[in-house]
Asker: 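Pasting a structure below so you can have a look.
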Amino acid sequence: MSWCKVRKMVAALAAIMTAGLIWGCGAFQDIRPEAEEEADGRIYAQDNGELIIVGFSQIGSESIWRTANTNSIQRALTKERGYFLITDNARQKQENQIKAIRRYISQRVDYIVLSPITESGWDTVLEEAREAGIPVILADRSVDSDESLYTTWVGTNSLQEGERAARWLEGNLKEKNRLYEDINIVILQGTPGSSAEAGRTAGFDSIASRYGNWHILDRQNGEFTTAKGKEVMAQYLSCYPDIDVVVSQNDDMTFGAMEAIAEAGLTTGIGGDITIISFDAVKEALELVRQGKINVDIECNPEQGEYIHDVIQKLEQGSPVEKAYEVEEMVFTHRNVAQYLAGRTY
Ligand code: GYE
């Protein structure tokens, strides 16, 4: 076993022990408009119009993106629009999401919105929701369950995001006449088994595998967080003396990686020691793209609330809905980012 892996195991053990001591509650404040529960158990607005009750199981609050995604859904499903939204923060645990879904079933909500932390492990609870006659709308990530177990999915194309990252690297190396030089790449992966991580990994690898001179030295779980991204990047820097490219599967891990790189006395971005390819395109990261410190940011759009609102309205009217809705996404570099920064909503 390589020294790098031994170090990582020791660090992981320490992190697990520490996390057990400081795990925060991090629960979102439930959105509870001035509503009253009537004798029949239904929840009504004060004006006696019946509210559409939505139970939302959110993964957690691990990243700027996640917070923007939560805000988007809470902004769209408001009391003024006839909703009673209950938001649960699962704090990165599938078991907490399953408990929340079961609670929503017992509360006889009208709809369940689920952002599934990983693709697998949902069949049983989704069958329970179907038996209770409660439509499930998947948001952000997807599941490997049979598609009959959920009504629709609103999210982003992570496979395409991964491909876009590799295509950008291809073009960048061509511009520098380095396409066929040896390139050392390390990857900061998101939550293993999440559709976001799986898609980005598969998309990038599908193109990277065509280049025998692109050497992926390592790929470790950075948990989509700044702290873990920094920890893993520091390990990479101690193990691999000549890293050319970091592929970081979200901006929060990128921020941590850039801290570790700077502490190692190295630079990033255009003309820097290490090329940074990031995902999400949150405002803070796009500013670093504008400064040339992040080379490219592959957008993953968290603004999914309006799509979910439209789907629920269609279902309320008995209209058909699509099985999947993909939100629009872009790729940002120093060449195009300035025109979008001012209007950025997240
Ligand atoms: O990239 C990351 C968040 O599921 C696409 O999860 C989402 C990912 C996003 O923690 O910032």
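First listed ligand is number 1; within each ligand, the first listed atom is number 1. In this text, all values refer to a predicted model and were calculated from it rather than measured experimentally.
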Asker: I need the atoms of ligand 1 closer than 4.0 Å to a non-hydrogen atom of Cys300, numbered in the order shown.
Answerer: 5 (C)
Asker: Does NZ or CZ of Arg344 fall inside the cone over Tyr346's six-membered ring, less than 6.0 Å from its centre and within 45° of the axis?
Answerer: yes
Asker: Please identify which atoms of ligand 1 are closer than 4.0 Å to at least one heavy atom of Arg200.
Answerer: 1 (O), 5 (C)
Asker: What is the closest protein heavy atom to atom 11 (O) of ligand 1, and at what distance does it sit?
Answerer: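 Among all protein heavy atoms, the one nearest atom 11 (O) of ligand 1 is Asp280 OD2, 2.6 Å.
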Asker: Checking a contact table here: which protein heavy atom is nearest atom 4 (O) of ligand 1, and how many Å away?
Answerer: Arg141 NE, 2.7 Å
Asker: Would you call Glu306-Arg81 a salt bridge at under 4.0 Å N-O?
Answerer: yes
Asker: So do Glu170 and Leu179 actually touch side chain to side chain, heavy atoms under 4.5 Å?
Answerer: yes
Asker: What pair of heavy atoms forms the shortest contact from Tyr150 to Ser145, and how long is it?
Answerer: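 Here Tyr150 and Ser145 meet closest at CE2-O, 4.2 Å.
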Asker: Could you check atom 10 (O) of ligand 1 against the protein and tell me its nearest heavy-atom contact, residue, atom and distance included?
Answerer: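 Ranked first by proximity to atom 10 (O) of ligand 1 is Glu62 OE2, 2.5 Å.
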Asker: Please name the pair of heavy atoms, one in Val136 and one in Leu149, separated by the smallest distance, quoted to 0.1 Å.
Answerer: CB-O, 4.3 Å
Asker: Quick test: of every protein heavy atom, which one is nearest to atom 7 (C) of ligand 1, and how far off is it to 0.1 Å?
Answerer: Asp140 OD1, 3.3 Å
Asker: What atoms of ligand 1 come closer than 4.0 angstrom to any heavy atom of Ser63?
Answerer: 2 (C), 3 (C), 10 (O), 11 (O)
Asker: Should Asp252 be counted as touching ligand 1, given the test is an N or O pair under 3.5 Å?
Answerer: no
Asker: So, for Val282 and Trp65, which heavy atoms are closest and what is the spacing to 0.1 Å?
Answerer: CG1-N, 4.1 Å
